[in-house]
Amino acid sequence: MLMLGFAGFMGILKIVLMALAAFALVDAAVRREDAFRAADKQNKVFWLIILGLALVASVIFSVLAILPIAGAVASIVYIVDVRPALKHVTGGGGYGRRRGSSSDGPYGPYNGGR
């Protein structure tokens, strides 16, 4: 019974690692090449290769092997470090977001009660 629960947990962990690597790979694929250079990170091809290998390793090998763990670390580094730097360089906002001052509130600019 305990082994069945452990196997189920490891299966869920494997799916989470695959989803993490797939998200990072797709996100890196849609980013512009010049944004990587402007953010002073490795180039786009480097990240596509690393994240592609991370996805393949998470699919092929067991979660307890070293390659999926290294792939998870690479995916986390991309999501936590590289992705925010790329968003900052390219303007960051999502689709349909208006850009304004940092003092803008939800109903327009804050003018200090004037």
Side-chain angles (χ1 to χ4, degrees):
M1 180 81 155
L2 183 62
M3 290 302 290
L4 186 61
F6 182 71
F9 173 74
M10 295 305 276
I12 291 171
L13 187 61
K14 184 174 179 104
I15 291 170
V16 168
L17 290 180
M18 285 189 294
L20 185 71
F23 171 75
L25 180 63
V26 169
D27 187 74
V30 298
R31 301 287 176 182
R32 296 187 342 225
E33 170 66 34
D34 60 339
F36 286 87
R37 285 180 273 135
D40 198 27
K41 302 297 178 183
Q42 293 288 333
N43 61 10
K44 182 176 181 173
V45 175
F46 171 82
W47 281 109
L48 289 176
I49 290 171
I50 293 295
L51 295 171
L53 290 174
L55 181 59
V56 169
S58 66
V59 169
I60 293 176
F61 296 106
S62 168
V63 175
L64 297 176
I66 191 72
L67 289 177
I69 294 171
V73 169
S75 299
I76 290 169
V77 166
Y78 176 82
I79 291 171
V80 172
D81 182 42
V82 178
R83 186 171 185 254
L86 295 175
K87 287 177 89 172
H88 179 70
V89 166
T90 58
Y95 296 105
R97 287 182 88 180
R98 74 178 171 91
R99 297 182 189 174
S101 171
S102 63
S103 65
D104 284 357
Y107 305 110
Y110 178 71
N111 60 8
R114 291 183 241 157

Check whether any side-chain heavy atom of Ile69 lies under 4.5 Å from a side-chain heavy atom of Phe61, and answer yes or no.
->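 Of all side-chain heavy-atom pairs linking Phe61 with Ile69, none is under 4.5 Å.
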Could you tell me whether the side chain of Lys14 reaches within less than 4.5 Å of the side chain of Leu17, counting heavy atoms only?
->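 No, too far: nothing below the 4.5 Å cut-off.
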Closest non-hydrogen atom pair between [X] and [Y], with its separation:
| X | Y | result |
| --- | --- | --- |
| Ala38 | Val89 | CB-CG1, 3.6 Å |
| Pro68 | Ser62 | CG-O, 3.1 Å |
| Ala21 | Ser75 | CA-OG, 3.5 Å |
| Ser58 | Met18 | OG-CG, 3.3 Å |
| Val45 | Glu33 | N-OE1, 4.3 Å |

Go through Lys41 and Arg83 one step at a time and tell me if the side chain to side chain contact (heavy atoms under 4.5 Å, CB included) criterion holds.
-> CA-CA 10 Å; Lys41 302 297 178 183; Arg83 186 171 185 254; over 6 Å; no
Straight-line distance of Leu55 CG to Leu48 CG, nearest 0.5 Å |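 Result: 12.0 Å between the selected atoms.
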Backbone N/O of Ala29 and side chain of Lys44: donor-acceptor pair under 3.5 Å =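 Pair found, side chain donor or acceptor close to backbone of Ala29.
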Indicate, with yes or no, if [Y] and [X] share a hydrophobic cluster defined by side-chain heavy-atom contacts under 4.5 Å among Ile, Leu, Val, Met, Phe, Trp and Tyr.
| X | Y | answer |
| --- | --- | --- |
| Ile60 | Ile66 | yes |
| Leu53 | Phe23 | no |
| Val77 | Ile79 | yes |
| Val82 | Val26 | no |
| Ile76 | Leu86 | yes |

Under the side chain to side chain contact (heavy atoms under 4.5 Å, CB included) rule, collect the residues that match up with Phe46, sequence neighbours excluded.
->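 Listed in chain order: Gln42, Asn43, Ile50.
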Option among Val73, Leu25, Leu51 that satisfies the side chain to side chain contact (heavy atoms under 4.5 Å, CB included) test with Tyr78 |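 Of the listed options, the one satisfying the test is Leu51.
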